[in-house]
Amino acid sequence: MPSARPATGPTTGPKPEPAAGSSAGPATGLDLTLLYRGPLSSCDYDCPYCPFAKRRDTPGQLRSDLAALERFSAWATGRAGTGDTLSVLFTPWGEGLVRSWYRRTLVELSRLPHVRRVAIQTNLSCRTGWLAEADLATLALWVTYHPGQTDHDRFLGKCRELDALGVRYSVGVVGQPEHLEAARRLRAELSPAVYLWINAAEGLTYTDAEAARWAAVDPHFGYSRHAHPSAGRPCRTGESVLSVDGDGTVRRCHFVREELGNLYDDSYRARLGPRACPLPVCDCHIGYVHLETLPLYDVFAGGVLERVPHGW
């Protein structure tokens, strides 16, 4: 179980850590959290609630994704000595860790002294031995368990491999009614040091009784149960948290299409600053976790990117 730390920014470990959401001026460098999503959109799973299930990228599309990721990695590596510090969460539409270039990039970025945290959302269908090459004080995984797509014992075995390696990770389940017993079983058999989160299923309304059953598995399910009003409310996105696509286009988050500039020509830097959310609601954890009107930087202090609560 992670040791307790002060309620500071989105990462943890031995690397220096500023206050949550802080960003120094350009003269002293920026402390940035980047959510990167390249062209990859293929997945080896067939979840009925996902539009990218079993989608296949062509060899050309995979080459484009590789080139985009290598460009991003080279940019991140090149920030050494600039005063910038980075935290990176990869949020691919598909499954990244079955591709060697994502595994390689996570290892390489984890070893950089100016990278505070590097994490990826994954179904954990990949092998795990490569993680031994990474700096595990910096690398973390956001894992989702999809009942019906993988065998319980096989998935649990993968989690135990992560435990043996000392990998920091969380595990989650989509809160479909048919997944409740699988989530309960997984919670009972996972290490108590591993947080199991539940995402409210898109389009599903939960009665209080139903929500209580899910909250017995995930004590923080209440934050996912309802969309959060966000219009006009302060959010760290666009100031210290940014979304980056494969072309380097920078937006405040994955859900607001307005462009702030491009990562690779530094045009985004002049447009960084506090700004209110333009959308009526935010219903995705990777978005609303950064709302300043919610206490989630305290709830997940030291583990915002990998979704591990403070002191879990």
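- With values rounded to the nearest 0.5 angstrom, L97 atom CG is found 4.0 Å from T122 atom OG1.
- Side-chain atoms of I120 and L89, non-hydrogen and from C-beta on, never get closer than 4.5 Å to each other.
- Although no hydrogens or angles enter the test, the distance criterion places no donor-acceptor pair under 3.5 Å between the side chain of S224 and the main chain of N199.
- Under a 3.5 Å cut-off, the side chain of H228 and the backbone N or O of L291 do not form any donor-acceptor pair.
- Formation of a donor-acceptor pair under 3.5 Å by the S230 side chain with backbone atoms of L279 is found in this model.
- A distance of 6.0 Å or more separates the ring centres of Y264 and F72.
- From L141, atom CG reaches atom CZ of R307 across 15.0 Å, with rounding to the nearest 0.5 Å.
- Connection of L165 to L124 is established within a shared hydrophobic cluster, with ILVMFWY side chains joined at heavy-atom distances below 4.5 Å, either directly or through further cluster members.
- No side-chain donor-acceptor contact under 3.5 Å links R37 to the backbone of P92.
- When all heavy atoms of Y169 and C159 are compared, the closest pair comes out as OH-O, 3.2 Å.
- A cation-pi geometry, defined here as NZ or CZ lying under 6.0 Å from the six-membered ring centre and within 45° of its normal, holds between R236 and Y297.
- Using a 4.5 Å heavy-atom cutoff, the side chains of Q61 and D65 are not in contact.
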Full working for side chain to side chain contact (heavy atoms under 4.5 Å, CB included) between F221 and W197
CA-CA 7 Å; F221 175 69; W197 46 266; over 6 Å; no
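- Between the side chains of N123 and T150, no donor-acceptor pair is found at a separation under 3.5 Å.
- If you check the side chains of T85 and D31, you find a donor sitting under 3.5 Å from an acceptor.
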inquiry  = side chain to side chain contact (heavy atoms under 4.5 Å, CB included), that's the test. Do V98 and S125 meet it? Break it down for me.
reply    = CA-CA 7 Å; V98 297; S125 60; 3.5 Å; yes
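- Residue I198 is grouped with residue L204 when hydrophobic side chains (ILVMFWY) are merged at heavy-atom distances under 4.5 angstrom, including chains of intermediate members.
- Using a cut-off of 4.0 Å between Lys/Arg side-chain N and Asp/Glu carboxylate O, R185 and E181 are scored as not salt-bridged.
- Counting all heavy atoms, side chain and backbone alike, L260 lies closest to R271 at O-CD, 3.4 Å.
- Judged by distance alone, the side chain of Y102 and the main-chain N or O of F90 form no donor-acceptor pair under 3.5 Å.
- Remark: H285 engages W142, Y288, F300 in a ring pair (Phe, Tyr, Trp, His ring centres under 6.0 Å) (not counting sequence neighbours).
- Expressed to the nearest 0.5 Å, how far SG of C277 lies from CZ of R233 amounts to 10.0 Å.
- In this structure, R117 contributes its side chain and A137 its backbone to a donor-acceptor pair below 3.5 Å.
- Side-chain atoms of T237 and R252 include a donor-acceptor pair closer than 3.5 Å.
- Annotation: cation-pi geometry not satisfied between R225 and W214 (NZ/CZ under 6.0 angstrom from ring centroid, within 45° of ring axis).
- Nearest heavy-atom pair across R187 and V194 is NH1-O, 2.7 Å.
- In this structure, the side chain of S64 engages the main chain of G60 through a donor-acceptor pair within 3.5 Å.
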- Task: Given side chain to side chain contact (heavy atoms under 4.5 Å, CB included), test V173 with T144 step by step and report yes or no.
- Result: CA-CA 6 Å; V173 178; T144 305; over 6 Å; no
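- A salt bridge links R269 to D84: at least one charged side-chain nitrogen sits closer than 4.0 Å to a carboxylate oxygen.
- When all heavy atoms are compared, the tightest approach of T293 to P234 is CG2-CD, 4.0 Å.
- The closest side-chain heavy-atom distance from L109 to S73 is below 4.5 Å.
- Under the side-chain hydrogen bond (donor to acceptor under 3.5 Å, both in side chains) criterion, E133 pairs with no residue, sequence neighbours left out.
- When atom types are taken as modelled, the side chain of S170 and the backbone of E306 share a donor-acceptor pair closer than 3.5 angstrom.
- Side-chain atoms of E108 and T77 include no donor-acceptor pair closer than 3.5 Å.
- Here the straight-line distance linking atom OG1 of T249 with atom CG of L263 works out to 9.5 Å at 0.5 Å rounding.
- Nearest heavy atoms, L139 versus V107: CD1-N, 4.5 Å.
- For the atom pair CG of L62 and CG of L40, the computed distance is 7.0 Å after rounding to the nearest 0.5 Å.
- Among all heavy-atom pairs drawn from E210 and T205, the shortest one is OE1-O, 3.8 Å.
- Of the inter-residue distances, the one linking L156 atom CG with E161 atom CD reads 10.5 Å to the nearest 0.5 angstrom.
- In this structure, D266 has no salt bridge (Lys or Arg N to Asp or Glu O under 4.0 Å) partners at least two apart in sequence or on a different chain.
- Checking side-chain atoms of S267 against main-chain N and O of N262 turns up a donor-acceptor pair under 3.5 Å.
- Counted by atom type alone, D218 and Y223 present zero donor-acceptor pairs between their side chains at under 3.5 Å.
- Applying the salt bridge (Lys or Arg N to Asp or Glu O under 4.0 Å) test to E259 and every residue at least two apart in sequence or in another chain returns R251.
- Side-chain N or O atoms of D57 include one that pairs as donor or acceptor with a backbone N or O of S41 at under 3.5 Å.
- Within the structure, the salt bridge (Lys or Arg N to Asp or Glu O under 4.0 Å) test picks out no pair touching residues 276-295 (sequence neighbours left out).
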Item checked: Full working for side chain to side chain contact (heavy atoms under 4.5 Å, CB included) between V118 and T138 -> CA-CA 6 Å; V118 58; T138 301; 4.3 Å; yes
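- The closest side-chain heavy-atom distance from V304 to V289 is below 4.5 Å.
- For the residue pair D245 / Y36, no side-chain donor-acceptor distance below 3.5 Å is found, with atom types taken as modelled.
- Between H152 and Y145, the ring-plane angle classifies as perpendicular under the 30° and 60° cut-offs.
- For E70, the salt bridge (Lys or Arg N to Asp or Glu O under 4.0 Å) partners two or more places apart in sequence, or in a different chain, are R104.
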